[in-house]
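For reference, the structure discussed in these notes is given below.
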Amino acid sequence: MSLNSTDLFAVAPEITLLTMACVVLLVDLFITDEARVITWLLTLGSLILTAIVVVVGMGGEGSAGSQLLFGGSLVRDSMGDILKISTLLIGVMVFLYSGSYQKERDLYRGEYFVLGLFGILGMMILISSYSFLTLYLGLELMSLAMYAMVALQRDSLRASEAAMKYFVLGALASGMLLYGISMLYGATESLNLTEVAAVVQQQGGEKDLNLVLLFGLVFVVSGIAFKLGAVPFHMWVPDVYHGAPTSVTLYIGSIPKIAAFALVMRLLVDGLGEMVVDWQQMLTILALLSMAIGNIIAIAQTNLKRMLAYSGISHIGFLLLGVLSGTEAGYEASMFYVITYAFTSAGAFGMILLMSSKGFEAEEINDYRGLAKRSPWFALMMMILMFSMAGVPPTVGFYAKLAVLQQVVTADMVWLAVAAVAFSVIGAFYYLRVIKVIYFDKVDSDAEISSPLASPKFELEPVGLTLSLNALVVLALGLFPGQLMVLCQSAIG
Amino acid sequence: MNSTSILSLLIWFPIVGGLLTLMIGDKRGVFGRVAALFFAIVTLIISLSLLSDFDRSTHLMQFVELLPWIEPFSINYHLGVDGISMPFIVLTSFITLIVVIAGWEVIQDRNSQYMAAFLIMTGLMNGVFAALDAILFYIFWEAMLIPMFIIIGVWGGPNRVYATIKFFLYTFLGSVFMLISLLWLYSESGTFSILAYHDLQIGMTAQLLIFFAFLLAFAVKVPMWPVHTWLPDAHVEAPTGGSVVLAAIMLKMGAYGFLRFSLPIVPDASSELDTFMITLSLIAVVYIGFVALVQQDMKKLIAYSSISHMGFVTLGFFIPFLIYKDSGSMAGAAIGVEGGLAQMISHGFISGAMFLSVGVLYDRLHSRQIKDYGGVAKTMPMFAAFMLFFSMANAGLPGTSGFVGEFMVILGAFRADFWIAFLAATTLIVGAAYTLWMYKRVVYGKVTNDGVAALKDMSRREFLMMSILALAILGMGLYPAPVVDIMHASVDHLLEQMITSKCGSCL
């Protein structure tokens, strides 16, 4: 394996981000707390710059089709590029949202930004990985950064507990994944996904080999399910979402889902595509359970962060529906789903950040009572986001569900589609309840009006502006989802 | 005006108008509602031009617009109307104007948001009737729930939150199964065009499954017994305008769905299950009629009466199958479907008028209980006259539009089976009983309390909306021919589709 310039050009985005992350780390050492806004701007700048590098790379020579790099351990293809751009842009939104929240909680430190950037770097590596080794490398870089981010508020008991849980369970998941990978390695004698796929295709029929492969597959799928937060490997999700500072919840509740989708695509589709019949069954169970448990338990939540955690679990179930249909169109649908979900979910957590103020966490659903009176504009934005999550047209969430369901029906699994829509009706209830609290509940006393909630931050501050943009894009994509879908089709087809 | 884009105009003009009204807000006094009134009137005028340009001699879709919209999903922006859907667009635009007038002074809280919600809903409802692409239809069908959800939840009565969530979830549950059917039809045909589905060959098992999925969606909306329980709750809690739109337009969408989807797409299953559907309809007509009799709440009574009247509509739609099986031809069967359609339009006027009458009383005394009234005729003679007329129409008095539809359906039922007609005809008695008994207790008798004694008769605004509706009811009752003429070609075509088997030898 030798280094050549083509390979280096293809990983230019990762190199850019790594360099910039180091720059941010260094610059932050030399500035005072008052000037930390420089770190913030630099972070946003690095993400945007990296996104630009990705876009430029897409237009370059040999960019059509996929390109194996570094002896086949990395890949550059249009699916990867589009997933990276989505990750980076939603990452920009995450940092735009979290600025003032961090500041008010004494969390406005260089570590947050640097860890965030390294986490995103991990996601990018994961997205373009094409061998077990790089895949695991990316996954761990992403996960370790996130464990540390959850623990950032180190004096908070809740946050430390969440971080501990996240770390222990996350390590367990990585262990499972590694164990499964070792099985696959033993059976195929290769770490490289291209070769793994070839071996499975040639010798998949042999009985002994098949058993080992299947054994490995079970562990790999469990590991993936842990990272995705699919039932029954979901226990960490609500606690971590709840315990982490909301700005960090926003981070882990949105972009890692895109990376996890890439993990599924690389491992199961690119690597073990021949075993589709086997993992299809496993994913079906995971999807059904996730939709059922996620939607039903979410109803019982009074805390918005926990509710969104369970809603996230149910969305993962929907996401798996597209993958398990086992067709290109199904993967496209899932890709569309994950991008729009990450985007919408960022908006929902952004709303919590917007409503919170110094010393006040607006995480109880009841904190939103009478928002329609206090701030009609943001009430409307929240309504759009909630309807999108529930999958009601004309929001983008509807098309995400439509695309996935269409593939499930085409794959002759009508019963699964019926189950999915039944659970989404159950799910609609708790989204409606949020809207009910915002629009229909009256504020009882003057005390509540004078609470910190009374005056959400002015529309023109970054948080408010980002949120408005976020929700309006959700609506606009609901009216014209065609372009994004074409993009997803070009990525996979 | 470019007549080729008139349907788009009917959808988007009120929506944009609603958004503008929303932006004007309440801080500029009466300006918001004046704007809303303007948008409602213009929408009505546009819809009347639709009426005048409509070609009655063909069953083909008219004013068709076809643009690719979301190509990766092969969803088209495909609009068009025939004799079945066109009258409802006019009705929707008409009712919106009435609702805007009705909410003029009554709604004090966030008036412009109220008006905006209704205008936006009008556009979406017009979209439901005009859509010829299955997904476009579904989008309008679902999106329409959002403004209604808000209207009941914000401006409704004390138990509004329960009612509005029940309303939303019930309808949502019904429609998602329709979505699955539409997706299945897409996977079979490769298109979302509703008209293409009309010609698609489908096996019997699939037809039955699709029929039940559609039934769930449309039966909830109509609503048919036994999935009607959301309606009394929603009606009781909704503000007057919400009740009017719910009864006059939204209920019609379920019935419209049967005509546009169930009957032509899965005719064999529909024919197979005709007795089942007729039984459900008769239960609605007879049993719900008796339920209405014992109601203490005026709005609830009218809500149950709506369910009973809508039973006539579904009865009329499925009667032709029986006639065909008896006689081997569809001759004379058209009267059932046309009667159902006439009943839908007439019920749009009458139920709207009845809810407005209750609204007039409710605005004064803030009670819907029958026992809180009595002797209203003494203090509000003009109102009493109007309400008598509407009650008579609700009971199906000849000369009012209520008579036309019911009579046609009963006539059709006689051609099919005497006992069906007999049971259906009992509604003439029960309907008269519950409506007139309520009227008697509310309007006649002695003035029993101070509230009634202090009532003032209708204002000019109320008089205006009442007389417009009274004219419509009377006009359609005395001379229904133009309405039936519009439908005729389309209904004949529909009957043909209903007897064209789609699965070879499956029957």
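Below, read A as the first sequence line, B as the second, and so on, with proteins coming before strands; counting in each chain starts at 1. Note: hydrogens, waters and symmetry copies are ignored here, and every other heavy atom, side chains too, is used. This one's a predicted model, so the numbers in the text were calculated from it and none came from an experiment.
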Exercise for review: Please lay out, stage by stage, how A:Val414 and B:Trp184 fare under the test side chain to side chain contact (heavy atoms under 4.5 Å, CB included).
Suggested key: CA-CA 8 Å; A:Val414 177; B:Trp184 189 85; 3.9 Å; yes
For [X], is it the side chain, the backbone, both or neither that has a heavy atom under 4.5 Å from a heavy atom of chain A?
X	answer
B:Ile75	side chain
B:Phe172	both
B:Trp69	side chain
B:Leu145	neither

Any [X] side-chain heavy atom under 4.5 Å of [Y] side chain:
X	Y	result
A:Leu432	B:Leu169	yes
A:Phe398	B:Glu142	no
B:Phe168	A:Val392	yes
A:Thr410	B:Tyr186	no

Given the options [options], which has more heavy-atom pairs under 4.5 Å with chain A than any of the others?
options	value
B:Leu173, B:Ile139, B:Ile165, B:Val161	B:Ile139
B:Leu179, B:Val176, B:Ile146	B:Ile146
B:Ile150, B:Leu124, B:Thr164	B:Ile150

Review point. Top residue by heavy-atom pair count (under 4.5 Å) with chain B, among A:Pro393, A:Ser424, A:Gly391?
Key: A:Pro393
Check your understanding: Taking the inter-plane angle between the rings of A:Phe387 and B:Phe149 on a 0 to 90° scale, is it parallel (under 30°), tilted (30 to 60°) or perpendicular (over 60°)?
Key -> perpendicular
Review point. What do you reckon, is CD of A:Glu364 surrounded by more than 12 foreign heavy atoms closer than 6.0 Å?
Key: yes
Point to revise | B:Asn159, CG: over 12 other non-hydrogen atoms inside 6.0 angstrom | key: yes
Exercise for review: Could you tell me which portion of A:Ala403 (side chain, backbone, both or neither) has an atom closer than 4.5 angstrom to a non-hydrogen atom of chain B?
Suggested key: both
Exercise for review: Go through the atoms of A:Ile435 and report whether side chain, backbone, both or neither lie under 4.5 Å from a heavy atom of chain B.
Suggested key: side chain
Check your understanding: Hey, what do you get for CD (A:Gln406) to CD1 (B:Ile180), rounding to the nearest 0.5 Å?
Key -> 11.0 Å
Exercise for review: Apply side chain to side chain contact (heavy atoms under 4.5 Å, CB included) to B:Leu183 and A:Leu402, showing your working.
Suggested key: CA-CA 8 Å; B:Leu183 289 175; A:Leu402 179 76; 3.7 Å; yes
